[in-house]
Amino acid sequence: MEPMNKDIVIRGQQIYLRPITVEDTEMVVRWRNMPVVVKNFIYRKPVSCEDHENWLKNKVFKGLVHQFIVCRNEDQLPMGSVYLQNFEEEHRKAESGIYLGEAQAYGKGIGTEAIHLMAGYAFETLGMHKLAARVLAYNTASRRLHEKTGYVQEAYLKDELFLDGQYEDLVMFGAINPRG
Ligand SMILES: CC(C)(COP(=O)(O)OP(=O)(O)OC[C@H]1O[C@@H](n2cnc3c(N)ncnc32)[C@H](O)[C@@H]1OP(=O)(O)O)[C@@H](O)C(=O)NCCC(=O)NCCS
């Protein structure tokens, strides 16, 4: 996949998505290490600024990941991040991910709108046919968010992961491009 267009802005009703930049590093690392985010992610180790800069250099700036910052329309404040990764161009597939990092962002429909906007980008701009998402079974908000944005549950994997000393179930979601 080509690296994302640095000037793209995807506008929604209460938020817009803009490409992540190096200047976002401190903020994104703070979000990514918040307990509420870590406990809902499969990768649990603390992320340093150096780790994140390597992620930007090796993944985002090479086009292997397309990552956005989710900002509020009313005051441009950054609230979290959404991204596409694990592109399989032959199959026109990618995996989506999301985390909100500001406490004031939760439960206001921001996550739902962010995934909706990013799915539109994946389907219409990138021409993807299918998006996948992996959600830990206990993450009710994320399961609901995906159901509300056109994803359907494709599998429920019992005891799929061993995280922090216990087995956890994983739900696999898939969304198909309505235009093919
Ligand atoms: C998952 C996440 C992105 C949801 O974003 P959000 O903006 O808070 O969610 P929304 O306000 O769009 O709500 C989506 C749905 O989840 C429900 N929901 C939101 N927070 C919830 C909670 N804490 N418990 C149960 N349901 C919840 C909402 O009610 C809504 O469903 P409804 O329309 O049927 O009422 C956000 O909670 C988050 O970033 N969590 C930490 C990281 C994470 O879990 N990432 C996803 C990994 S797969």
Side-chain angles (χ1 to χ4, degrees), residues 3-57 59-61 64-87 94-123 125-126 128 131-136 138-151 163 170-171 173 175:
M4 58 198 295
N5 175 347
K6 288 194 190 102
D7 299 320
I8 191 167
V9 176
I10 303 170
R11 298 199 179 275
Q13 296 216 308
Q14 64 168 332
I15 53 157
Y16 63 91
L17 309 182
R18 62 149 176 90
I20 193 169
T21 69
V22 178
E23 286 72 36
D24 296 313
T25 296
E26 230 171 85
M27 173 181 75
V28 169
V29 168
R30 173 170 61 80
W31 292 341
R32 189 57 189 75
N33 289 322
M34 283 170 52
V36 64
V37 173
V38 174
K39 84 163 193 243
N40 288 306
F41 266 62
I42 296 169
Y43 184 81
R44 298 279 171 101
K45 294 191 185 117
V47 176
S48 66
C49 284
E50 193 187 343
D51 296 333
H52 181 69
E53 279 162 6
N54 283 332
W55 162 268
L56 289 177
K57 191 171 95 187
K59 301 279 191 179
V60 179
F61 299 152
L64 299 174
V65 172
H66 283 203
Q67 184 162 9
F68 297 93
I69 299 294
V70 179
C71 300
R72 267 198 318 218
N73 284 338
E74 59 181 288
D75 50 13
Q76 284 91 57
L77 270 184
M79 292 286 133
S81 183
V82 280
Y83 50 91
L84 297 168
Q85 62 181 353
N86 298 329
F87 287 103
E95 183 182 7
S96 59
I98 181 166
Y99 49 93
L100 300 180
E102 301 298 336
Q104 52 192 318
Y106 288 91
K108 293 180 178 154
I110 290 178
T112 300
E113 192 176 10
I115 286 288
H116 174 73
L117 292 174
M118 198 186 56
Y121 167 76
F123 291 151
T125 307
L126 301 183
M128 292 287 122
L131 295 179
R134 288 176 289 168
V135 180
L136 286 161
Y138 56 71
N139 192 346
T140 319
S142 184
R143 287 176 69 173
R144 184 74 195 113
L145 172 157
H146 285 94
E147 286 163 2
K148 285 176 67 183
T149 49
Y151 290 72
L163 299 174
L170 187 70
V171 184
F173 282 94

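No experiment lies behind these values; they were computed from the predicted model shown.
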Taking all non-hydrogen atoms of both residues, which atom of A133 and which atom of S96 are closest, and how far apart?
CB-OG, 3.9 Å
Sequence neighbours excluded, the answer for side-chain hydrogen bond (donor to acceptor under 3.5 Å, both in side chains) partners of T112 is none
Only counting residues at least two apart or in another chain, list the ones meeting side-chain contact (heavy atoms from CB on, under 4.5 Å) with E50.
S48, N54
Which residue pairs pass the side-chain hydrogen bond (donor to acceptor under 3.5 Å, both in side chains) test with at least one member in residues 6-20, sequence neighbours excluded?
R18-D24
Could you list the residues that satisfy salt bridge (charged side-chain N to carboxylate O under 4.0 Å, His left out) with E147, not counting sequence neighbours?
R144
Do L56 and T25 pass the side chain to side chain contact (heavy atoms under 4.5 Å, CB included) test, and can you show the C-alpha distance, the side-chain angles, and the key distance before you say yes or no?
CA-CA 9 Å; L56 289 177; T25 296; 3.9 Å; yes
Counting only N and O atoms by type, is there a donor-acceptor contact under 3.5 Å from the side chain of T149 to the main-chain atoms of H146?
yes
Which residue pairs pass the salt bridge (charged side-chain N to carboxylate O under 4.0 Å, His left out) test when at least one of the two sits in residues 103-116, sequence neighbours left out?
none
Kindly indicate, with the supporting measurements, whether the criterion side chain to side chain contact (heavy atoms under 4.5 Å, CB included) is fulfilled by I42 and L170.
CA-CA 10 Å; I42 296 169; L170 187 70; 4.2 Å; yes
Measuring only between side-chain heavy atoms, which start at C-beta, is F68 closer than 4.5 Å to I10?
yes
Note: H66 and P3 closest approach over all heavy atoms is NE2-C, 4.0 Å
Provide the closest heavy-atom pair for F87 versus L126 in the form atom of the first, atom of the second, distance.
CE2-CD1, 4.0 Å
Do L84 and M128 come close enough that some side-chain heavy atom pair is under 4.5 Å?
no
Pairs touching residues 26-43 that satisfy salt bridge (charged side-chain N to carboxylate O under 4.0 Å, His left out), sequence neighbours left out:
R30-E102
Please identify each residue that fulfils side-chain contact (heavy atoms from CB on, under 4.5 Å) with Q67, with sequence neighbours left out.
I20, W55, V60, V65, S81, Y83, Y99
Go through the structure and list residues passing ring pair (Phe, Tyr, Trp, His ring centres under 6.0 Å) with F61, not counting sequence neighbours.
none
Closest heavy-atom pair and its distance - V82, A114
CG1-CB, 3.8 Å
I'd like to know if the side chain of N33 and the backbone of P46 have a donor-acceptor N/O pair within less than 3.5 Å.
no
Residues L145 and I115: closest non-hydrogen pair is CD2-CG1, 3.6 Å
Residue pairs fulfilling salt bridge (charged side-chain N to carboxylate O under 4.0 Å, His left out) with at least one residue in residues 66-81, sequence neighbours excluded:
R72-E74, R72-D75
Show, in sequence, the C-alpha distance, side-chain angles and deciding distance for D51 and K45, and conclude whether the side chain to side chain contact (heavy atoms under 4.5 Å, CB included) test is met.
CA-CA 11 Å; D51 296 333; K45 294 191 185 117; over 6 Å; no
Heavy-atom check, side chain of T125 versus side chain of N5, under 4.5 Å
no
Taking salt bridge (charged side-chain N to carboxylate O under 4.0 Å, His left out) as the definition, give me every residue that meets it alongside R134, ordered by chain and number, with sequence neighbours left out.
E95
Can you list the residues that meet the side-chain contact (heavy atoms from CB on, under 4.5 Å) rule with A119, with sequence neighbours excluded?
F123, L131
Return the set of residues passing side-chain hydrogen bond (donor to acceptor under 3.5 Å, both in side chains) with Y106 (not counting sequence neighbours), or none when no residue passes.
none
Side chain to side chain contact (heavy atoms under 4.5 Å, CB included) for M79 and I15? Distances and angles first, verdict last.
CA-CA 9 Å; M79 292 286 133; I15 53 157; 5.6 Å; no
Starting at CG of L17, measure out to CD1 of I69 and round the result to the nearest 0.5 Å.
10.0 Å
Can you tell me how far apart CG (L136) and OG (S142) are? Round to the nearest 0.5 Å.
8.5 Å
